[in-house]
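Working notes for the structure below.
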Amino acid sequence: MKKTTTSTAESNDILLSIIKNISLGIIAFNRNGRITIVNEMARVNLCIPFSLNEMENMHILECIKDKNILTDLVKDCLNNGRKSFNIRNLEYRGKQMMITGNSILNGMIITITDVTEKKESEKAMLKALIKGQEDERKRIAKEIHDGLGPMLSAVKMHVQAVQSDLDTIDKNTLTKLETIYNLIDNVANDMRSLSHDLMPRIVEDFGLVEALGSISNSLANQTTKIVFTHNVDGERYAKNIELNLYRIAQELIHNAIKYSKAEKITLQLLKHTDSLILMVEDNGQGFAQKERKDFGIGLRNIETRVIAMGGIFTIDSVPDIGVTATVEIALPS
């Protein structure tokens, strides 16, 4: 019996040593919320202003009272019997952390992982990916403008020359020639629109506000009214921010027109003290959250751009009421 007790004590010492030296932050607390185990990584990652000795037997909520979502989730566990939670990204004092909570015998254990470096690497990778995409769009737009455009003009001139060389043209042939002219004009117009979408010079030349106003006017139609409002007076932002927000607004408005059957879409660009918010709201049919996956590539592209800017992207939808999509990015101080 004594041997078993000694073995258990040794096992506990080994476990505490592992917890002390592991690269994860760990806090365990009992059903009353009193901390039973805590290591230095947890204290550092959560910027807790108490020493490890002071934290022993403290109430968990005293240590995380300014952590918002984490505080609310722990309260839910203590008061309502919640068994687990997972916070993919908690930003606090310049750090980004992934936090999980799981119930254990007589309590709960929280693990905290500092993912700041990983998130920064992911952001840099996505920025490079988006830059590559934009560079390729510019190349294609230039090819369309400098190559196919002049070729179409030349085709039209040759057709006109054939017409002028003919002494007489019967009505049927004349109608066919006019159809060819119209087709060439339609293709040329479509190419100009495509080239503009691929390389929106209006963003670079006139700024985000003018560009958003332009797409609001161009995408509105007989069944859907688009209203654009802003509180940005002539400010310019980093090139990647302006272009990304333009692309995001473009995609969100296209989605709203295509899926929502809305009569009105409201586009807002709002500047706060330290952030910039883009909001697209419609009064359409909305969708259940489980249907969000049906929007596919468009939303994934938006999420990629938002992550690359270090922002937050949320979609709120109520069936038969409408959808509100919001992007918020921090502005450099």
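Quick caveat, the model's predicted, so the values are computed rather than measured. Along the sequence shown, residues carry numbers from 1.
- The environment of CD in Glu54 is crowded: more than 12 heavy-atom neighbours from other residues, nucleotides or ligands sit within 6.0 Å.
- Counting side-chain heavy-atom gaps under 4.5 Å among Ile, Leu, Val, Met, Phe, Trp and Tyr, the cluster of Val115 also holds Met98.
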Only distances under 3.5 Å count here; give the side-chain donor-acceptor pairs of residues 102-112 to other protein atoms, sequence neighbours excluded, each with its distance to 0.1 Å.
{"unit_1": "Thr111", "atom_1": "OG1", "unit_2": "Thr100", "atom_2": "OG1", "d": "2.5"}

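- For the pair Asn255/Val323, no side-chain contact is recorded, criterion being any heavy-atom separation below 4.5 Å from C-beta on.
- Using modelled atom types, one finds a donor on one side chain and an acceptor on the other under 3.5 Å when comparing Ser275 with Glu328.
- Residue pairs meeting the salt bridge (Lys or Arg N to Asp or Glu O under 4.0 Å) criterion with at least one member in residues 264-284, sequence neighbours excluded: Glu235-Lys271.
- Contact between Ile99 and Phe85 at its shortest, heavy atoms only, is CG2-CE1, 4.1 Å.
- Put simply, the side chain of Asn30 gets close to the backbone of Asn32: a donor and an acceptor are under 3.5 Å apart.
- Contact of the Leu78 side chain with the Ile60 side chain is registered, since non-hydrogen atoms from C-beta on lie closer than 4.5 Å.
- Salt-bridge check for Arg43 with Glu40: passed, with a basic side-chain N closer than 4.0 Å to an acidic carboxylate O.
- Residue pairs meeting the ring-ring contact (aromatic ring centres under 6.0 Å, His included) criterion with at least one member in residues 204-244, sequence neighbours excluded: Phe228-His230.
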- Message: Evaluate Thr223 against Asn221 for side chain to side chain donor-acceptor pair (under 3.5 Å), listing each step before the verdict.
- Response: CA-CA 6 Å; Thr223 58; Asn221 55 53; 2.9 Å; yes
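- Of all heavy-atom pairs between Gly25 and Asn45, the closest is N-ND2, 4.1 Å.
- Two residues are said to be in side-chain contact when any heavy atoms from C-beta on lie closer than 4.5 Å; Thr36 and Ile27 fail this criterion.
- Judged as a ring-ring contact (aromatic ring centres under 6.0 Å, His included), not a single pair has a partner in residues 26-60 (not counting sequence neighbours).
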- Message: Please determine whether side chain to side chain contact (heavy atoms under 4.5 Å, CB included) holds for the pair Ile315 and Leu299, giving the CA-CA distance in whole Å, both sets of side-chain angles, and the decisive distance to 0.1 Å.
- Response: CA-CA 10 Å; Ile315 291 185; Leu299 284 187; 3.7 Å; yes
- Query: Can you check side chain to side chain contact (heavy atoms under 4.5 Å, CB included) on Ile248 and Val306, steps first, answer last?
  - Reply: CA-CA 9 Å; Ile248 289 168; Val306 173; 3.9 Å; yes
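- Looking at Ile302 and Leu252, their side chains come closer than 4.5 Å, going by heavy atoms from C-beta outward.
- Leu243 belongs to no multi-residue hydrophobic cluster, having no ILVMFWY side-chain contact under 4.5 Å with any other such residue.
- Within the 3.5 Å criterion, the main-chain N or O of Glu178 finds a donor-acceptor partner in the side chain of Asn182.
- Counting heavy atoms from C-beta on, the side chains of Leu267 and Met279 never come closer than 4.5 Å.
- Looking at heavy atoms from C-beta onward, Gln285 lies out of side-chain contact with Pro319 at the 4.5 angstrom threshold.
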- Task: Walk me through it: do Leu208 and Leu269 pass the test side chain to side chain contact (heavy atoms under 4.5 Å, CB included)?
- Result: CA-CA 9 Å; Leu208 183 58; Leu269 181 67; 3.8 Å; yes
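- Counting only N and O atoms by type, the side chains of Thr116 and Asp114 include a donor and acceptor under 3.5 Å apart.
- Using a 4.5 Å heavy-atom threshold, the side chains of Ile35 and Glu56 count as separate.
- Using a 4.5 Å cut-off on side-chain heavy atoms (C-beta onward), Ile257 and Ile265 make contact.
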- Query: Can you check side chain to side chain contact (heavy atoms under 4.5 Å, CB included) on Thr71 and Leu61, steps first, answer last?
  - Reply: CA-CA 7 Å; Thr71 305; Leu61 294 178; 4.1 Å; yes
